[in-house]
Each structure stands twice: as C-alpha cells, then as structure tokens.
Amino acid sequence: ARYNEIPNQINVALNIDGLPLFNSTNEQFYPILMSVLELEPREVEIIGLYCGKSKPSNLDFLNPTIRELQPFVDNGITIKGNRHIFNLQVVNTDAVARCFVKNIKGVTGYSGCDQCETVGSYAGRVVFPELDATLRNDYSFRQHEDEEHHHGHTPFEQLTIDMIDVFPPDPMHQIYIGVHKRWLATLLRGPRATKLSPVTKIQIDEQIADIQQFIPDDFARKNRKLNEFDHYKATEHRLFLLYTGPVIFHGLVPDNLYDNYLCLHVAITILSSKDLVEENGDCNIRYAHDLLVYFVQDCIDLFGIEFCTYNVHSLVHFAASVCEHGVLENFSGFIFENYLRKLKKLVHSGKRPIVQAINRIMEKKPLLSKLEKKDISISTVKPNNAYQLADGSYILALHHRNDQIVVRKFRRTWPFYDSPCDSRILGIARVEERQSRVMVLNERRLQIKHKAIYIKRREYGVFLPLRHDI
C-alpha cells in the first residue's frame with residue numbers, strides 16, 4: 001500500500017453489482033470490489049468474482065467474503081507489526097443490488113425505503129411522499145421489527161457493522177441517473193402545465209451546444225442535446241446538475257421550475273464540496289437537507305404526487321449519509337463503475353470469462369487498478385485556464401513568462417443567482433471583463449483553491465469552481 005503514514009483506522013468501501021458481458025447472451029459477472037478510502041489516489045481491488053447466466057439466486061456467494069472480512073472487522077489488521085482498526089465504512093450498490101444483498105423488499109414495494117419506516121402508497125406507481133418518518137436503525141433491522149421490510153437474513157448481519165449507516169443511498173444512481181434524469185424527463189414529456197415548448201427546447205439545445213466549448217478537459221463527457229438525454233451517462237447528469245444546468249436554463253424555463261431546480265443544484269453542490277462540508281459543516285449540511293426536503297415537496301406541488309418515487313424520496317436521507325461518511329463522492333459508485341468498465345473490456349469471448357479476466361488482471365494489474373490523481377498545474381490553454389484562488393478571487397491564466405504567469409484577474413463579482421442563496425457562497429459568481437485587469441503574478445506563490453469552469457456569455461461570464469473529485 002502507498003501510505004506516507006498508515007492511519008490508525010483504515011476505512012474501506014465494498015461494491016457489489018452485476019456486470020453484463022455481452023449483448024447476445026445473458027452471461028454476466030457479479031464482482032465484489034473493495035477500495036481503501038485513505039489511499040490517494042483511490043484504487044479498486046477485486047476480492048470476489050462470480051459468473052453466470054443471471055444474478056445469484058441466493059446470498060451464499062457472499063459467505064466467503066464475509067468469512068474473510070470478519071476477523072479484520074473484529075480484531076483489526078496488522079501491518080508491519082502494528083495493529084490498525086479495520087472499518088467497513090461503506091457498502092456501495094445501486095438500490096436494486098442493495099435490496100438484494102440486504103435481503104429486503106425492493107424499492108417498488110410499499111416498505112421499500114431502506115432508510116426510514118415510511119409506507120408507500122399507490123399513484124400509478126408506488127410513491128413515498130412522507131418525508132419525516134421514523135428512521136430505521138441497526139437494532140430494529142437486526143430484530144426484523146418491520147416484518148414487511150424483510151425477506152430474511154443476510155450474511156452481512158454476521159459482521160459488527162451498522163446495517164443502516166454502512167449501506168447509504170448511492171448518489172450516482174439515485175441523484176444523477178435517478179432524480180435528475182426524472183426531472184429532465186418531466187420537463188420534456190411531463191404534464192402540459194410544466195412541459196417545455198418546442199421553441200424552448202431548441203433554445204436550450206443551442207445553449208448546450210454553445211457551452212460545450214467552455215467545458216475543461218477534466219470532464220470526459222460533455223452534455224449532449226436534449227433529444228439524447230435518455231442516453232446521458234451519470235457523469236453527464238453530474239456535469240449538468242452541478243455546473244452547466246443553472247446557466248443553460250437561465251432565462252429559458254419558467255421561474256417556478258428554475259427556482260425548483262436551483263434548490264436541488266445548491267443542495268447537491270454543498271454535499272459534494274469538501275470545504276463546505278468540513279467548514280461550518282453542521283450548518284451547511286442542515287441547510288442542504290432543508291433544501292432537499294423543500295425540493296421534494298415543491299416537486300409534488302409542481303408535478304404531482306406520482307413524481308415522488310423511491311429515488312426522489314431518498315433525497316431527504318443524503319444529508320445524514322454525508323454526516324456519517326463525508327462528501328457524496330466518498331460513497332458514490334463512480335470509482336467502481338470506472339473499474340467495471342475496464343473489467344468488461346478484459347473479456348474477449350464467451351469461453352471461460354472468469355479465467356480471461358483474472359489472467360489479464362494479473363498481467364495488467366497496475367494499469368487496471370490505478371486511477372491517476374490529477375494535480376492542479378496551471379494551464380494557459382482554453383478552456384482549462386480558469387481558477388479560483390485561495391483569497392476567493394478568480395483568474396484566467398493567459399500565458400507563462402519564465403517563473404511568472406500573466407493572468408486576467410476579476411476584481412469584482414456579482415451573484416449569478418440569489419435564490420435560494422447567494423451563489424457566491426458556493427463560489428459561483430458572475431463577472432464582467434471591464435471589471436478585470438491583466439497582471440503578472442509569481443506562479444510559484446499562486447495559491448489555487450479550485451480549478452473552475454468559465455462560461456462566457458454575451459455581456460458577462462460565469463465562474464463555477466470544480467467542487468467534486470474529478
């Protein structure tokens with residue numbers, strides 16, 4: 001392990017999910033992955049790999065992993081003669097896999113919420129409009145106090161872990177692919193009262209196309225036009241919600257919908273930001289929670305109770321998970337999905353796929369598991385040259401001059417939006433070039449706080465600092 005100093009407590013995350021291998025057959029992997037949260041950069045290791053024509057029919061496949069984990073969880077792990085606490089911090093899965101490995105009712109069941117004891121109702125689909133139900137806890141889960149919630153026992157109950165906190169909702173599947181995709185779908189195909197006009201859709205597509213030139217290379221995928229939103233990947237939804245969405249929708253969607261969208265945007269931005277969670281964290285996390293509760297209630301008023309499916313309801317539980325685990329990226333599935341994509345590429349035929357995968361993992365292990373950390377190095381090439389400094393100001397790096405750098409520094413900022421809060425609290429600011437000046441700075445003394453996206457509009461620009469881990 002590449003620790004500069006091995007911490008007393010080693011926190012690990014597991015991931016369990018299915019991986020279809022081919023389009024022409026039902027052959028699929030069911031891997032068990034692990035990542036050590038203290039490693040920088042984060043790496044993923046495969047600790048179990050199963051293959052079949054469908055997902056496992058029962059939970060017996062978990063038993064070898066549980067047996068191997070149990071002595072570490074109970075007694076810790078010894079490294080170079082020193083004993084360290086081994087903490088299973090997170091088991092990351094999508095909602096369907098989480099219900100499977102916990103052996104509980106699915107999310108379309110009336111007792112399907114794994115975080116609280118709300119009972120759903122039927123409104124064309126099962127919905128969960130109750131937002132303040134009694135929270136589940138480890139004791140009530142292990143005692144099966146809510147009989148309607150359980151199918152049976154799970155091997156995970158053999159470990160001394162919290163059966164609720166260790167299985168948080170997944171931001172990747174539930175916020176980005178779940179809620180954000182549903183919100184866009186409602187604008188495009190929903191009730192007539194909230195459905196966008198064809199002219200507005202064209203205008204939004206024009207904005208999306210124009211903004212692509214301002215997206216830095218840190219983002220592997222850029223937003224596509226709305227007619228392709230069904231095919232958006234989770235990273236595209238994240239880019240849209242955290243960064244480009246408020247700019248794209250500005251002045252184009254009705255005020256009530258825009259205000260509703262900003263509540264989700266602000267809340268998820270806070271919960272994704274290490275500095276906002278760590279500095280004055282309790283207050284900021286509580287504010288994000290209140291915004292998410294308001295967002296869900298407002299969605300019910302705007303779109304009807306049928307909008308409040310499991311994914312939408314689960315928004316009210318994310319703030320508690322951030323209190324327990326830190327920012328959303330700490331318990332998100334993005335790092336594991338990246339590994340699964342690479343794992344799938346290792347299988348070239350249907351003959352003995354596990355043998356193929358394991359052989360190639362052993363051959364290419366350093367290349368497969370390593371995720372290179374991108375240090376902040378100052379670029380002067382658009383669109384990668386926008387930065388927020390430690391003093392809160394914004395610069396565009398123009399060109400290098402020996403050990404100095406020529407920048408355009410913006411002296412004055414305005415909020416890009418002022419509801420539900422001043423956008424500058426999140427580091428998002430509107431600027432004007434006439435309120436800037438070109439200056440020469442010492443590159444070595446330049447204190448970069450965040451890389452940023454700088455989106456140029458006709459009369460102003462917008463800086464949006466990169467808050468999540470790229």
Side-chain angles (χ1 to χ4, degrees), residues 1-19 29-50 62 64-66 68-69 71-73 76-80 82 84-94 97 101 159 161 166-168 170-173 217-221 233-235 238 272 274 325-347 354 356-377 451 466 468-470:
R2 299 180 326 283
Y3 289 101
N4 293 326
E5 182 179 345
I6 300 177
N8 182 55
Q9 178 168 303
I10 298 173
N11 300 300
V12 302
L14 293 188
N15 175 269
I16 305 170
D17 202 359
L19 177 65
F29 280 159
Y30 220 81
I32 302 176
L33 307 177
M34 185 180 76
S35 177
V36 179
L37 301 182
E38 281 74 24
L39 276 181
E40 285 291 344
R42 287 271 301 275
E43 291 190 0
V44 175
E45 300 289 345
I46 188 164
I47 61 174
L49 184 61
Y50 302 86
L62 291 174
T65 300
I66 298 299
E68 292 180 3
L69 285 174
F72 295 132
V73 172
I77 184 172
T78 301
I79 302 174
K80 296 182 178 180
N82 298 316
H84 302 267
I85 298 171
F86 184 94
N87 178 40
L88 180 54
Q89 178 82 8
V90 171
V91 178
N92 172 267
T93 63
D94 63 24
V101 300
L159 300 177
I161 60 174
V166 171
F167 293 83
D170 176 41
M172 174 180 165
H173 291 95
D217 295 340
D218 301 271
F219 296 88
R221 297 177 182 272
K233 301 295 184 181
T235 52
R238 180 172 61 182
S272 300
K274 287 184 179 179
H325 304 294
V327 293
L328 294 177
E329 294 295 318
N330 288 356
F331 53 97
S332 164
F334 282 104
I335 187 174
F336 297 109
E337 288 292 327
N338 289 337
Y339 186 94
L340 291 176
R341 176 174 52 84
K342 297 176 184 178
L343 179 62
K344 184 174 181 177
K345 291 181 179 179
L346 300 182
V347 180
I354 285 185
Q356 292 181 58
I358 296 301
N359 285 342
R360 293 189 177 112
I361 286 173
M362 299 309 294
E363 294 168 1
K364 304 179 180 181
K365 195 172 190 302
L367 295 177
L368 181 68
S369 62
K370 187 173 181 180
L371 296 174
E372 295 183 1
K373 186 175 179 64
K374 300 179 180 179
D375 296 323
I376 295 182
S377 57
K451 298 183 73 172
L466 301 190
H468 73 286
D469 289 335
I470 300 294

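Between E329 and R238, the closest side-chain pair of non-hydrogen atoms falls below 4.5 Å. The shortest side-chain heavy-atom distance between I6 and N82 does not fall under the 4.5 Å cut-off. By the 4.5 Å heavy-atom criterion applied to side chains, F219 and L466 are counted as neighbours. Residues Y30 and I16 meet the side-chain proximity criterion, which asks for heavy atoms closer than 4.5 Å. Looking only at side-chain heavy atoms (C-beta outward), I10 and V36 come within less than 4.5 Å of each other.
Residue L88 comes nearest to V166 through the heavy atom pair O-CG2, 3.7 Å, listed as atom of the first residue, atom of the second, then distance. Across all their heavy atoms, S332 and P171 have their closest contact at CA-CD, 3.8 Å. Across all non-hydrogen atoms, the minimal contact from L49 to A357 is CD2-CB, 4.2 Å. Contact record, L340 with P31: CD2-CG, 3.5 Å, taken as the closest heavy-atom pair. A pairwise comparison of heavy atoms in P64 and Y50 identifies CG-OH, 4.0 Å as the closest pair.
For F331, the ring pair (Phe, Tyr, Trp, His ring centres under 6.0 Å) partners are H325, not counting sequence neighbours. Contacts of A234 classified as side chain to side chain contact (heavy atoms under 4.5 Å, CB included), with partners at least two apart in sequence or in another chain: M172, I177, F334. The side-chain hydrogen bond (donor to acceptor under 3.5 Å, both in side chains) test applied to N11 returns Q9, E38, N87, not counting sequence neighbours. Considering only residues two or more places apart in sequence or on other chains, F86 meets the side chain to side chain contact (heavy atoms under 4.5 Å, CB included) condition with V12, L69, F72, V73, I77. Residues passing the side chain to side chain contact (heavy atoms under 4.5 Å, CB included) test with K345 are R341, sequence neighbours excluded. Scored by the side-chain hydrogen bond (donor to acceptor under 3.5 Å, both in side chains) test, D17 finds no partners at all (sequence neighbours excluded). In terms of the ring pair (Phe, Tyr, Trp, His ring centres under 6.0 Å) criterion, F29 has no residue partners (sequence neighbours excluded). Partners of E68 according to the side chain to side chain contact (heavy atoms under 4.5 Å, CB included) rule, which considers only residues two or more places apart in sequence or in another chain, do not exist here. The side-chain hydrogen bond (donor to acceptor under 3.5 Å, both in side chains) search around S35 returns R42, not counting sequence neighbours.
Between the CD1 atom of I32 and the CD1 atom of I66 there is a distance of 7.5 Å, given to the nearest 0.5 Å. The CD atom of E43 sits 13.0 Å away from the CG atom of L33 when rounded to the nearest 0.5 Å. Here the CG atom belonging to L37 is positioned 6.0 Å from the CD atom belonging to Q89, to the nearest 0.5 angstrom.
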Stepwise, does the side-chain contact (heavy atoms from CB on, under 4.5 Å) test hold for I47 with L14? CA-CA 9 Å; I47 61 174; L14 293 188; 3.8 Å; yes

Steps toward side-chain contact (heavy atoms from CB on, under 4.5 Å) verdict (K342, R360): CA-CA 11 Å; K342 297 176 184 178; R360 293 189 177 112; over 6 Å; no

For a side-chain contact (heavy atoms from CB on, under 4.5 Å) check, start with the C-alpha distance between N359 and L346, then their side-chain angles and the critical distance, and finish with the verdict. CA-CA 9 Å; N359 285 342; L346 300 182; over 6 Å; no

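Judged purely by atom type and a 3.5 angstrom limit, N15 uses its side chain to pair as donor or acceptor with the backbone of N92.
Around the NZ atom of K344, the shell of radius 6.0 Å holds more than 12 heavy atoms that belong to other residues, nucleotides or ligands.
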